[in-house]
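Nothing here was measured: the structure is a model prediction, and the numbers come from that model.
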Amino acid sequence: MREIAASKIKASVANLCSLAAYDLPQDLEEVLNHDLAHETSPLGRQIISEIIKNAEIARHKKLPICQDTGMACVFVELGQDVHILDGDITESINEGVSLGYKDLRKSIVSDPFHRVNTNDNTPANIHLEIVPGDKIKITVLLKGGGAENASFVQMFLPTAKKEEIVDFIVKKVKENGPKACPPIIVGVGIGGSFDTVAYLAKKSLIRPVKSHNSAFEIAEFEKEMLEKINKTGVGPMGVGGNITALAVHIITAPCHIASLPVAVNFGCHANRYKEIIL
C-alpha cells in the first residue's frame with residue numbers, strides 16, 4: 001500500500017487551480033491558431049486573434065484568462081492501493097481549492113436561493129473514481145458559468161436514430177452556443193443514466209482537444225457532428241462565421257434497454273484544465 005500525504009494533495013490542487021486560471025492548454029491554443037486560418041468571417045478572425053493574444057498575455061503576466069475563474073471541477077482517479085495519510089481526500093481537495101483561489105474570483109454560493117458567497121470557492125465539484133494501482137491522478141477543470149448554463153440533458157427513446165441526436169445537439173448549439181463564448185468544445189455524453197450521462201459529457205472536456213474517441217464509429221460521429229455545428233453560422237462569440245466549435249468530444253457508456261440518455265456540456269474557448277499524477 002503506497003502512502004500519500006493529504007497535504008501533498010492539497011498543495012497539488014492549489015497549484016492546479018492557479019495554473020489552469022492563466023495557462024491555456026497548449027493543444028487548445030494550437031487548435032485556435034489552426035482554425036484561425038479557416039475562419040471566413042473577418043470579424044470572426046479578429047475575435048479568434050484577440051482570444052489567442054489574450055491567452056498569451058494571461059500566461060506571460062500570470063493573470064486569469066477570463067474574469068470568471070469558474071467553479072473547480074475536480075476529477076480524481078484514486079488507485080485502490082493508495083492510503084492517504086493525515087486527512088481525507090475530500091477535505092484535502094477543498095482545502096487546495098480554497099488556497100488556489102486565494103487570488104482568483106470566488107463564484108460559489110452556499111445556498112442556491114440565499115446566494116451567500118462561501119468566499120473560498122468551495123465546495124469543489126468532485127468526481128471520484130477508484131482505479132487499479134497505487135497512484136492518484138487529479139484533473140482540475142475551471143468551469144465558467146456561461147458555458148455551464150448552456151448545458152442540457154435529454155432522455156431519448158432507445159429507438160432514436162443518430163440523426164435525431166445530431167439534430168438535437170446542433171439545435172441546442174444554435175440556441176445556446178453564443179452564451180458559451182464560442183468557439184466552443186462540445187462535450188457529449190451518451191448512455192449511462194440520467195445522472196451519469198451529465199458526468200460523461202463534462203469528463204469529455206478534459207480530453208485533449210481534437211483527440212478522437214478510440215472507437216472508429218464514435219470518432220466518425222464526432223467529426224460529423226462538428227461539421228454540422230460549424231455550418232450553423234454561429235461563429236466566434238456568436239457574431240457569425242464558420243468556426244463555432246473547435247471540437248466535439250463524445251464519451252459513451254452502457255445503459256438500460258429502455259433508455260438512451262444524451263447530455264451536452266459546453267466548454268468555452270478558454271477550456272481551462274490542468275492535471276497531475278501523484
Side-chain angles (χ1 to χ4, degrees), residues 1-27 62 69-104 106-111 117-143 148 187 189 191-209 211 213-215 249 251-255 263 265 267 271-278:
M1 184 69 74
R2 181 164 171 253
E3 296 180 334
I4 297 178
S7 59
K8 190 169 185 177
I9 296 172
K10 172 184 172 181
S12 298
V13 170
N15 184 54
L16 291 174
C17 290
S18 175
L19 193 58
Y22 67 79
D23 187 23
L24 197 67
Q26 196 66 44
D27 59 335
K62 296 188 176 181
T69 49
M71 62 177 170
C73 300
V74 184
F75 297 82
V76 182
E77 293 181 13
L78 176 63
Q80 63 182 5
D81 297 322
V82 172
H83 174 58
I84 297 171
L85 292 176
D86 303 323
D88 68 73
I89 193 160
T90 300
E91 182 180 342
S92 55
I93 288 173
N94 279 322
E95 288 177 352
V97 169
S98 178
L99 185 61
Y101 269 81
K102 186 178 178 182
D103 297 320
L104 302 177
K106 291 85 174 170
S107 302
I108 300 300
V109 295
S110 59
D111 181 280
N117 199 303
T118 63
N119 290 319
D120 64 358
N121 228 50
T122 69
N125 188 1
I126 301 172
H127 301 283
L128 179 62
E129 186 178 351
I130 307 298
V131 299
D134 61 357
K135 295 181 172 60
I136 305 177
K137 181 179 178 181
I138 302 173
T139 306
V140 175
L141 169 71
L142 308 189
K143 198 70 167 53
E148 188 72 0
S193 58
F194 176 79
D195 51 335
T196 58
V197 74
Y199 161 70
L200 297 177
K202 182 164 287 182
K203 186 180 181 183
S204 76
L205 297 178
I206 59 172
R207 209 177 82 189
V209 67
S211 64
N213 191 293
S214 57
H249 293 170
I251 297 181
T252 62
C255 61
N265 194 221
N271 191 49
R272 305 152 289 180
Y273 69 92
K274 294 292 176 184
E275 64 184 30
I276 190 171
I277 297 176
L278 301 176

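A donor-acceptor pair is defined here as one N or O able to donate and one able to accept, closer than 3.5 Å; such a pair exists between the side chain of N94 and the backbone of A124. Without hydrogens or angle criteria, N121 side chain to V97 main chain gives no donor-acceptor distance under 3.5 Å.
Side-chain contact between K202 and N125: present, with at least one pair of heavy atoms (C-beta onward) separated by less than 4.5 Å. The side-chain heavy atoms of N271 and P25, taken from C-beta on, include no pair separated by under 4.5 Å.
L200 and T252 get closest at one heavy-atom pair: CD1-C, 4.4 Å. The two residues A263 and A201 come nearest to each other via the heavy atoms O-CB, 3.6 Å. For D120 against Y101, the heavy-atom pair with the smallest separation is O-CB, 4.2 Å. Scanning both residues, G192 and C255, for their nearest heavy atoms gives O-CB, 3.2 Å. Counting all heavy atoms, side chain and backbone alike, N265 lies closest to E148 at ND2-OE1, 3.2 Å.
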>> Working note: V131 + K137, criterion side-chain contact (heavy atoms from CB on, under 4.5 Å); need CA distance, chi angles, decisive distance, verdict.
In response: CA-CA 10 Å; V131 299; K137 181 179 178 181; over 6 Å; no

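From Y273, atom OH reaches atom CG of L24 across 10.0 Å, with rounding to the nearest 0.5 Å. Distance check: I206 CD1 to E275 CD gives 7.0 Å after rounding to the nearest 0.5 Å. Here the CD1-CD1 distance, from I138 to I277, works out to 10.5 Å after rounding to the nearest 0.5 Å. Residue L142 holds its CG atom at 7.5 Å from CG of L104, rounded to the nearest 0.5 Å. Considering CG of L141 and CZ of R272, their distance stands at 8.0 Å, rounded to 0.5 Å. Separating the CG atom in D88 from the CD1 atom in I93 is a distance of 9.0 Å, to the nearest 0.5 Å.
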Report all side-chain donor-acceptor pairs from residues 1-22 shorter than 3.5 Å, counting only partners two or more places apart or in another chain.
unit_1: R2; atom_1: NH1; unit_2: D134; atom_2: O; d: 2.6
unit_1: R2; atom_1: NH1; unit_2: L278; atom_2: O; d: 3.2
unit_1: S12; atom_1: OG; unit_2: K8; atom_2: O; d: 2.8

Kindly list each side-chain donor-acceptor pair under 3.5 angstrom involving residues 69-82, sequence neighbours excluded, with atom names and distances?
unit_1: T69; atom_1: OG1; unit_2: R105; atom_2: N; d: 3.2
unit_1: T69; atom_1: OG1; unit_2: R105; atom_2: O; d: 2.8

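Counting only residues at least two apart or in different chains, salt bridge (charged side-chain N to carboxylate O under 4.0 Å, His left out) contacts with residues 123-132 comprise E129-K203.
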